[in-house]
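Any value given below was found using the heavy atoms of this structure, including those in side chains, with hydrogens, waters and symmetry copies removed. Within every chain, numbering begins at 1; the chains are lettered A, B, ... in the order of the sequence lines, protein sequences first and strands thereafter.
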Protein chains: 2
Amino acid sequence: MILKYDEVVRSGIAKQVAENIRSAIMDGRLKVDERLPSEEDLARSFGISRPTVREALKRLAAQNLIHSKRGPTGGNFVKRPDPEGLSKAITGAATLLVGVGAFDIEEIITARRETETICCRLAAERPDPAYLALMEDEIRVQEDKSLSDEDFCASDVRFHRALVDSTGNGPLKLMMYTVIEAFIPITNMIVFRVRERRRVASLHRDILEGIRAGDAARAVAALGQLLDYVSQSYAAALQARENRKLAGSPEA
Amino acid sequence: MILKYDEVVRSGIAKQVAENIRSAIMDGRLKVDERLPSEEDLARSFGISRPTVREALKRLAAQNLIHSKRGPTGGNFVKRPDPEGLSKAITGAATLLVGVGAFDIEEIITARRETETICCRLAAERPDPAYLALMEDEIRVQEDKSLSDEDFCASDVRFHRALVDSTGNGPLKLMMYTVIEAFIPITNMIVFRVRERRRVASLHRDILEGIRAGDAARAVAALGQLLDYVSQSYAAALQARENRKLAGSPEA
DNA sequence: TTTTAAATATAGGTCTGACAAATATCTGCG
DNA sequence: CGCAGATATTTGTCAGACCTATATTTAAAA
């Protein structure tokens, strides 16, 4: 008997059942791809109703821990953890955090500077033609003057994603998804109005060529310039807003 | 009417409702702390049953997007996103990934080296007495010879967490939780058998004193030595296993 | 004999309707 | 005026039923 019913207080049963199963997965009592007992069996063995069991299972499904399949060979199965799904989840949550103003923009820029510097260095150590080509493609996209602001930002994100991927370091990539999917868009959102695309694209090219040449210092320097420019743009945007405020209510 | 019923195909209704509400939260149509319609109202307006609505809501609750309260003033409320909850979620998922062997240990050590180096540098720029004291405490704990292996590892994690927190950079802290809660434990798990505690504690002290003195180079150097040591210990552990294998089946 | 099509059994997906439990608010009595 | 109890609202749980997808088995047809 893998799952046990541990004397539950009379509130949040579904939550507790979910936690019970979750811990079974986490400490390996339930292995990847293993099938859980059917919902009815679970209900019986926990002494609760099937809808309640289902609520618990849905919680786990929402956390990407299990997935379900119908039919005779169906059931609820322990899902193989995948970095892709995790990064999606992180992205969404981090985006919300950013959206609610949990972080200062300057703070975000600092984090970008430090972490992307790492990526440049690692990428330059062992340049991978495949990712170099990806970055090249995006730079070309960014040089297209007819591009919408939205598409330009999207290409910017893809460029930096390629940069991160080219490090070939799985754990680092996992961490960097937050930067790529949440922090880069927010910095773009704020500064893209005042930003000169040619400048950005040209700095992207400097980064690329630095990496291609195995010249980490050059890539890092270009990245530094890029983020300096972003930071200045942000300061300028703040200043402009301040000026509008002063001009808007001088006679008050 | 905030939530609309968008012509749904006949499968995965709960999932789609969850996605509908989720997007309403993500793009701000539902604000933080705002109350959702009662479950019955939701069921009516989506044209589905209440249990199905509840499954959807549970999915969202599992993602920390909403929380519920009973009673007349109760209901389901949009939850304020908190870094704490997010880091918990990341931690769990990353731990699973590590557990399933998704990452190479050397890769993890590299990621630790690069990212924790950042933390040392930022921490040394503006040393914060509060966090210095925390690190000092943990080093003292680690010098206690009667400590269990488990407690030593736990203290190790707390030391590195204090190091990260002392950078004062919110976005960076968010990213580093993965390292702290998932990567550090796994590296510890693998090498703690061959590891000399005195050596580790002493390197921790070097890091601390480097930061205290505002001497980033010294802290970074000590961190490097620490991770070199971890890496060597890992190699030694691998070698030992290899030897056992050879000794175990020589006549085969 | 092989292939195809229909029946069947299994397990998740959804619905209806009900009661339990928590809790803010209202009501009436001291 | 203050407090205890009734009340209403909303989530939490339950029971049992039916629908739907799908693998397997069985039977018919080529």
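- For D:dT9, the OP1/OP2 oxygens have no side-chain nitrogen or oxygen of B:K69 closer than 4.0 Å.
- Among residues two or more places apart in sequence or in another chain, the salt bridge (Lys or Arg N to Asp or Glu O under 4.0 Å) test is passed with A:D144 by none.
- Among the nucleotides C:dG13, C:dC15, D:dT13, the one closest to the side chain of B:P51 is C:dC15.
- Atom CD of B:Q16 and atom C1' of C:dT14 are 13 Å apart (whole Å).
- Straight-line distance from the CZ atom of A:R54 to the P atom of C:dA11: 14 Å, rounded to whole Å.
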Using a 3.5 Å cut-off and no angle test, enumerate the donor-acceptor pairs between side-chain atoms of residues 97-106 of chain A and protein atoms at least two apart in sequence or in another chain.
| unit_1 | atom_1 | unit_2 | atom_2 | d |
| --- | --- | --- | --- | --- |
| A:D104 | OD2 | A:E106 | N | 3.0 |
| A:E106 | OE1 | A:S231 | OG | 3.4 |
| A:E106 | OE2 | A:S231 | OG | 3.3 |

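- The CZ-C1' distance, from B:F77 to D:dT11, rounds to 11 Å in whole Å.
- With hydrogens and angles ignored, no donor-acceptor pair closer than 3.5 Å exists between the side chain of B:R50 and the base of C:dG17.
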I'd like to compare against my own output: the B/S/- annotation of nucleotides 4-10 of chain C with a strict under-4.0 Å heavy-atom distance to protein. -----BB
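- The side chain of B:N76 places no N or O atom within less than 4.0 Å of a non-bridging phosphate oxygen (OP1 or OP2) of D:dT10.
- For the contact set between residues 59-68 of chain A and DNA chain D, defined by any heavy atom under 4.0 Å, there are no members.
- Partners of B:A162 according to the side-chain contact (heavy atoms from CB on, under 4.5 Å) rule, which considers only residues two or more places apart in sequence or in another chain, are B:L134, B:M135.
- Across the protein-nucleic acid pair, B:E39 atom CD and C:dA22 atom P stand 16 Å apart, rounded to whole Å.
- Between B:K15 and C:dG13 there is no side-chain polar atom (N or O) within less than 4.0 angstrom of OP1 or OP2.
- For the side-chain contact (heavy atoms from CB on, under 4.5 Å) test, residues two or more places apart in sequence or in another chain that qualify with A:S49 are A:P51, A:T52.
- When the C1' atom of C:dG17 is taken as reference, atom CD of B:E40 falls 11 Å away, rounded to whole Å.
- Sorted by first then second residue, the ring-ring contact (aromatic ring centres under 6.0 Å, His included) pairs that include residues 54-88 of chain B, not counting sequence neighbours, are B:H67-B:F77.
- No more than 12 heavy atoms of other residues, nucleotides or ligands shown are found within 6.0 angstrom of CZ on A:R126.
- Taking A:N188 as the reference, A:D156, A:R195 meet the side chain to side chain donor-acceptor pair (under 3.5 Å) condition, with sequence neighbours excluded.
- Between D:dT13, C:dT14, D:dT10, one nucleotide has an atom nearer to the side chain of B:S38 than all others, and that is D:dT10.
- A straight line from CD1 of B:I13 to C1' of C:dG12 spans 13 Å, rounded to a whole angstrom.
- Around the CZ atom of A:R113, the shell of radius 6.0 Å holds more than 12 heavy atoms that belong to other residues, nucleotides or ligands.
- Scored by the side-chain contact (heavy atoms from CB on, under 4.5 Å) test, B:D151 finds B:L147, B:S148 as partners (sequence neighbours excluded).
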